[in-house]
Amino acid sequence: MSFRLFDLNPEQYRAATHPEGALLILAGAGTGKTRVLTARIAWLVSQGVDPASILAVTFTNKAAREMRERVATALNNQQAKAMTLCTFHALCVRLLRRDATLLGYKENFSIFDESDQMGLIKKLASRIHDQQDPINPDLAKNLISKAKNLGSAFPEGTGTALGSLFARYQEELRTLNAMDFDDLLLQARNLLAQHPEARERWQKKYRYILIDEFQDTNRLQMELITHLVSDPINLCVVGDDDQSIYSWRGAESAHLIEFEHAFPNPEIVTLEQNYRSTDVILATANRLIKNNARRRKKNLWSNEKEGESVRVLSAQDDTTEAEFIADEILERHRDESWNQFAILYRMNAQARFFETALRERKIPYRVVGGKSFFDRREIKDVMAYLSALLNPDDDTALLRVLTTPPRGLGKISLQRLMEISVQEKKMLFEVLQEPATLDNFSTKMQEAIRNFLEEWETLKIRLQTPGHDPGALVGEMLREVGYYDDLRKSCKKAEEADARENNVRELLQSLTEYCQKNRREGVQGFLDRMVLEREKEEEEEVNDGVTLITLHAAKGLEFSHVYLVGLEDGLLPHERSKQEGTVDEERRLCYVGITRARKTLVITHCRTRKKFGTMLSCRPSPFLLEIAGEGVEQGSMEEILSRPLEEEDVDDAFARMRSLIA
DNA sequence: AATCGTCTGCTTTTT
DNA sequence: GCAGACGATT
C-alpha cells in the first residue's frame with residue numbers, strides 16, 4: 001500500500017483502521033479530515049474490500065475532486081476508478097438514471113437548475129395571479145425547497161395560493177419529465193423507501209459508506225443514508241458540528257450531535273490536533289466556540305507554540321478599515337506571496353471597499369463567488385439544445401430552442417401551439433409532429449415548423465450514428481440555423497460577441513472530449529455534469545492574488561494571513577440572526593473564519609459604517625468580548641498610524657524615498 | 001423588442 | 001446607494 005498509515009497520529013490511525021460498525025469521526029478544523037478519509041479507504045481496500053462496493057459522499061464537487069485525487073495516489077488508478085466518489089446529488093442522479101421508471105419518470109429526465117426552476121415558478125405564479133396575496137417567486141422557491149428537503153413533496157398549507165403553486169409546480173415538473181435539485185434527493189429517497197428490490201440492490205452494491213461534512217446533511221440526505229446502509233452497518237461519517245453554517249439551507253447538525261439515535265453504539269473518534277494554525281489562534285477559536293451550548297466538546301491544539309498575537313483593531317469607518325488592511329498587506333508582501341493573504345467578510349457587499357483599496361495600491365486580488373460561466377445566456381442556450389434533444393418532454397428547453405434563434409415562430413404562434421398542447425394533453429414536441437397541427441397555421445408558419453422538424457430529426461439521427469462527434473454536429477446545426485449570427489447581433493461590442501462565441505465553442509469542445517472519454521455516459525452524462533458541477537474546468541488559480549471571500553465560502557480553505565473584517569453587532573452576528581435566534585450559527589461562522597488562519601490573524605471592526613447609503617454608528621460585535629484573553633491584543637488603526645515610526649522603519653522609509661528620487 | 005425611468009428592498013448560497 | 005425588477009414609452 002503506497003499510503004503510509006504510520007504517518008497518522010494515534011486518533012487518526014484509530015479512525016482509519018476501525019474494523020466494522022458505525023463510526024463517527026469528529027474532526028475539528030485543520031485536523032486532517034480528508035487525510036483520514038483517504039487513509040480509511042486505502043485501508044479498507046488493503047483489507048480486501050472490493051473498491052466497487054465503497055461509496056464516499058461529499059457535499060461539493062471540489063471536495064469530491066480533491067478526495068479522488070488523493071485516493072488515486074493512495075491506491076492504483078483502476079481501484080480508484082472502481083469506487084463511487086461523488087456528491088449527494090450526483091449519487092442520486094446515478095440511482096435515478098437507472099431506476100426512475102419505478103417512480104413514474106423516464107430515465108432521460110431533465111435536471112432543472114435554479115434558473116430553470118425560477119422560470120417555471122414565475123410562469124406558474126403569473127398564471128395563479130391571486131390579487132389577494134401576490135406570490136413572491138423568491139419566497140416561493142425557498143419554501144418549496146425547504147419543504148422538499150424536510151422530506152415532503154407537499155406544501156404545509158394546502159388551499160393557500162402558495163400551496164396550489166407548489167402542487168402545480170410539482171405536477172408541471174413531472175409532465176416535463178424533469179427534476180429540480182431537491183427532487184433528485186427527494187425522488188432517490190422515495191425510490192429506496194418505496195421499492196424494496198431497488199433498495200436491496202443498491203444496498204448490496206454499496207457495502208461501505210463514508211460521508212464527509214456530515215454536520216451539513218439535511219433530513220432528506222439523512223433518510224437517504226439510512227436507507228442505503230445495510231447490515232452489517234459499515235458507515236463512517238466525518239464532520240464538525242462547530243463548523244455547521246448551513247442550517248438556513250436545511251442542514252441539521254443534530255444528525256451529528258445525536259448520531260447515536262440513528263446508529264446506536266458508534267465508535268467515536270475525536271480529532272483535536274490541528275496541523276494548520278498556531279496555538280494562539282486556536283486558543284482564540286476555542287474561547288469563542290465554547291460559548292455555544294449544544295455541541296460536542298472539542299479543544300483544538302497545535303504543536304506550533306510560537307505564534308504572533310491575534311490583533312483586534314478598530315477603525316473609524318469602512319474606508320479606513322480597507323485602506324489600513326491594504327497598506328499592511330502591501331507591507332507584508334515583502335516576505336509572503338499575495339495568495340497567502342485573505343480578507344474574510346460576512347456579506348459580499350463588504351468586498352467593494354477592499355477592492356477599491358487594493359486596486360489603488362495595484363495589489364492583485366480575486367473575489368471568490370459571482371456570476372458563473374453557466375449562468376451565461378449562450379451557455380444556457382446550448383444546454384437547452386442538448387436537453388431538448390435528450391428529453392423530448394422538456395417543453396421549457398424546446399421553447400428556448402424554437403425561439404433561439406428566431407425561426408419565424410413568434411410569441412403568438414408559440415402561444416397557440418401551447419394551447420393545443422394543453423387541450424390535447426400532448427407535449428409540445430408531439431404537437432409539432434402532428435400533421436393536423438399545421439392546419440391551424442399560415443403557410444409561412446407551416447414551412448417554419450417543417451423546417452425545424454427536419455433539422456431536428458437530421459441532428460438526432462446523426463447523433464445516434466456511432467463514431468460521431470457530438471460537439472461538431474451540434475455546432476454545425478447551430479451555424480446552419482443562424483444561431484451564431486443571432487448571438488453576434490445581440491452583442492453591442494465585437495469583443496463581447498467573440499467572447500460569447502468562444503464560450504459556446506469551448507462548451508462544444510468539452511462535450512466532444514467528454515464523449516470520447518466516457519463512451520457509456522455519452523451526451524446525457526455530459527449534461528448531468530454540466531448542470532451539477534457548475535464550475536469551469538480551468539479555474540485559473542495560477543494567478544497570484546489576495547483572496548476576497550465570504551465566511552461561508554471560506555470553509556475548508558486556509559491562508560497564512562487572515563483578515564476577519566466587520567466584526568460589528570448587526571453584521572456578525574447579522575441583525576437578522578439576532579431576530580431569528582440563530583446567533584450560535586453566526587458564532588460558528590466567526591469560528592470558521594478564525595480557524596482559516598495559519599500564522600497571523602487580524603480581526604477588525606468599524607466605529608461607523610455606510611449602510612443603505614447613510615453613515616451609521618456601529619457597536620463592536622459581542623464575539624469580541626468572548627475571544628478576549630491571552631494572546632489577543634486590542635488597538636485602533638488610527639492609534640497605530642499616529643504612532644511614531646520605529647528607527648529601522650524610518651531608515652527603511654528614507655531608503656525607499658532615496659531610491660524613488662534616484 | 002428595446003430602452004428608459006422609477007420603485008423597492010436589502011445575508012449567507014455546497015447542488 | 002445601488003442593483004434588479006417592472007412597467008410605461010418609443
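- In this structure, A:F88 atom CZ and B:dT15 atom P are separated by 13 Å, rounded to whole Å.
- One atom, CG of A:D113, and another, C1' of B:dT14, lie 15 Å apart when rounded to the nearest Å.
- B:dT14 atom P lies 16 Å from atom CG of A:L184, rounded to whole Å.
- A:N61 has no side-chain polar atom (N or O) that falls below the 4.0 Å cut-off from OP1 or OP2 of B:dT14.
- Ionic pairing of A:K33 and A:D240 is not present here: no N-O contact between side-chain nitrogen and carboxylate oxygen is shorter than 4.0 angstrom.
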What pairs of nitrogen or oxygen atoms, one from the protein and one from nucleotides 11-13 of chain B, lie under 3.5 Å apart?
unit_1 : atom_1 : unit_2 : atom_2 : d
B:dT12 : OP1    : A:N348 : N      : 2.9
B:dT12 : O4'    : A:R346 : NH2    : 3.3
B:dT12 : O2     : A:W248 : NE1    : 3.4
B:dT12 : O2     : A:R346 : NH2    : 2.5
B:dT12 : O2     : A:H552 : NE2    : 3.4
B:dT13 : OP1    : A:T550 : OG1    : 2.6
B:dT13 : OP2    : A:N348 : ND2    : 3.2
B:dT13 : O2     : A:R249 : NE     : 3.0
B:dT13 : O2     : A:R249 : NH2    : 3.1

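- B:dT14 and C:dA3 are spaced 25 Å apart, taking the C1' atom of each and rounding to whole Å.
- Under the side chain to side chain donor-acceptor pair (under 3.5 Å) criterion, A:Q221 pairs with no residue, sequence neighbours left out.
- As rounded to whole Å, 18 Å separates atom P of C:dA3 from atom CG of A:D138.
- Applying the salt bridge (Lys or Arg N to Asp or Glu O under 4.0 Å) test to every pair with at least one member in residues 548-557 of chain A, sequence neighbours left out, gives these pairs: A:E213-A:K555, A:D216-A:K555.
- Taking atom CG of residue A:D116 and atom P of nucleotide B:dT15, one finds them 16 Å apart after rounding to whole Å.
- Backbone-only contact: A:R352 has heavy atoms under 4.0 Å from sugar-phosphate atoms and none from a base.
- Counting to the nearest Å, the C1' atom of B:dT14 and the CD1 atom of A:I549 are 12 Å from each other.
- Take A:T60 and apply the side chain to side chain donor-acceptor pair (under 3.5 Å) test, not counting sequence neighbours, and it matches no residue.
- Nucleotides B:dT12 and C:dA5, compared at atom P, are 15 Å apart to the nearest Å.
- Spacing between atom CZ of A:F353 and atom C1' of C:dC2 amounts to 12 Å, rounded to whole angstrom units.
- Between A:Q350 atom CD and C:dC2 atom C1' the separation is 16 Å, expressed in whole Å.
- Residues that satisfy the salt bridge (charged side-chain N to carboxylate O under 4.0 Å, His left out) test with A:E521, not counting sequence neighbours, are absent from this structure.
- Closest approach of A:L551 to A:G593, counting heavy atoms only: CD2-CA, 3.6 Å.
- Remark: A:R619 engages no residue in a salt bridge (charged side-chain N to carboxylate O under 4.0 Å, His left out) (not counting sequence neighbours).
- Within 90° of 0 lies the glycosidic angle of B:dT11, which makes this nucleotide syn.
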